[in-house]
Amino acid sequence: MPTTQGVYDWKRRRLEAAIVVARTSMVDDVEGMLKAIQETDNAKNAGYKKESGSSVYLPVLMTAISPIETPPEYDQVGGLPYWVNVVLPQDPLKRVVQMRSVPVAYRCQIAFFSPDPHSASDIARQFANFWKHEEKRTFPVSYDVGVLEGKPIKDDWNFRVLENSLYPDSATTDLKNLFIATVDCTIVGAIPEFVGLGGEWDDVTDMGEPYESLPTRPNPEYDPEKPTIPLDPENPDGPATNSPRVPNPGVKPIEGSRDSYEKLNSLVVEANVDDEDIDHEIRVAIDPDTGVITETKVAKNEATDDE
């Protein structure tokens with residue numbers, strides 16, 4: 001709510017000219033933020049079609065965000081270090097996939113530049129008061145977690161502003177008649193990691209150390225007169241008989257901890273239902289391609305013979 005003329009003018013300005021996103025390196029560098037504003041065509045952002053060139057229309061708010069390397073406390077964001085099987089409702093194919101999450105924290109800094117001290121102080125107070133509202137401190141962040149037919153599959157994860165991390169302050173520059181109020185806060189949340197939804201990272205995430213990447217030495221039993229035959233015809237770089245090179249002694253492939261897509265999405269296509277009160281069984285079958293389910297009566301001795 002505008003309580004000064006400066007804040008009122010700022011609220012009526014177009015968003016592109018009222019709020020500017022700064023680079024991460026500009027956190028704690030208000031002079032760098034101000035210089036970045038001066039180097040952009042703010043007249044066009046403000047909607048002045050007949051004006052152009054670098055300029056600064058005050059008041060203006062700048063925000064910068066920087067990652068915090070230390071993860072948040074467990075009671076703030078727990079994260080999920082191991083794979084769990086899930087089905088995303090927004091996945092059109094309703095595939096069984098695996099996900100885990102990594103807790104993260106970011107430092108966010110808001111700097112409000114104003115030609116009068118009252119507007120700067122007013123914005124700082126209102127901003128801190130805004131984040132004290134329980135519902136407003138939590139907001140969704142959308143992630144691309146997969147792709148289907150060239151279209152991204154998105155999933156929203158909530159991030160939260162920690163109330164005890166709000167630090168309103170002031171900053172100074174060599175410029176006269178320029179007043180700066182800053183508000184620092186910490187934002188915590190989790191970054192989701194999905195495998196099995198067609199992301200380009202699927203084939204390089206937690207796949208272990210395959211045989212073909214192991215350090216090798218010359219095979220002392222290699223016979224150049226005999227052919228080298230791969231044990232798996234579909235993997236010519238894998239283990240083979242009479243290979244000219246073999247892995248170093250004691251070095252073995254390391255398996256990844258995730259499950260394969262085929263294992264996750266395997267299903268029973270046929271089963272017999274036995275009822276002791278009737279003299280036959282019901283054979284239930286499903287077509288994995290169409291999803292059509294059929295039921296057939298079979299004699300109990302026939303069911304036993306099939307097994």
Do other residues, nucleotides or ligands put more than 12 heavy atoms under 6.0 Å from Phe139 CZ?
-> yes
Sub-4.5 Å side-chain heavy-atom contact between Pro215 and Val251 = yes
Check each of Arg12, Lys11, Gln5 against Asp9 using the side-chain hydrogen bond (donor to acceptor under 3.5 Å, both in side chains) test, and report the only one that passes.
-> Gln5
Side-chain heavy-atom pair Trp157, Ser101 within 4.5 angstrom cut-off = yes
Please work out whether the ring planes of Phe112 and Trp10 are parallel, tilted or perpendicular, with thresholds of 30° and 60°.
-> perpendicular
From Arg258 CZ over to Gln98 CD, what is the distance, rounded to the nearest 0.5 angstrom?
-> 7.0 Å
Counting only heavy atoms not in Asp203, do more than 12 fall under 6.0 Å of its CG?
-> no
Does the salt bridge (charged side-chain N to carboxylate O under 4.0 Å, His left out) test come out yes or no for Arg160 and Glu134, once each step is laid out?
-> CA-CA 10 Å; Arg160 182 178 180 83; Glu134 183 68 23; 2.6 Å; yes
Check the surroundings of atom NZ in Lys94: do more than 12 heavy atoms from other residues, nucleotides or ligands lie under 6.0 Å from it?
-> yes
Taking everything shown except Gln76 itself, do over 12 heavy atoms lie less than 6.0 Å from its CD?
-> yes
Taking side chain as C-beta onward, heavy atoms only, is Thr216 less than 4.5 Å from Val246?
-> no
To the nearest 0.5 angstrom, please state how far the OG atom of Ser142 sits from the CG atom of Asp155.
-> 7.5 Å
Gap between atom NZ of Lys154 and atom OH of Tyr143 - 0.5 Å precision | 12.0 Å
Once you round to the nearest 0.5 Å, how far does CZ of Phe194 lie from CD1 of Ile153?
-> 10.0 Å
What are the two closest non-hydrogen atoms of Leu197 and Asp202, and how far apart are they?
-> N-OD2, 3.5 Å
Same hydrophobic cluster for Val161 and Phe127, using side-chain heavy-atom links shorter than 4.5 Å among ILVMFWY?
-> yes
Interatomic distance, Arg283 atom CZ to Thr294 atom OG1 [nearest 0.5 angstrom] | 10.5 Å
Say whether Ser257 and Asp206, considering side chains only, have a donor N or O and an acceptor N or O under 3.5 Å apart.
-> yes
CG of Asp122 to CG of Asp116: how many Å apart, nearest 0.5 Å?
-> 9.5 Å
Determine whether the side chains of Ser119 and Thr4 contain a donor N or O and an acceptor N or O closer than 3.5 Å.
-> yes
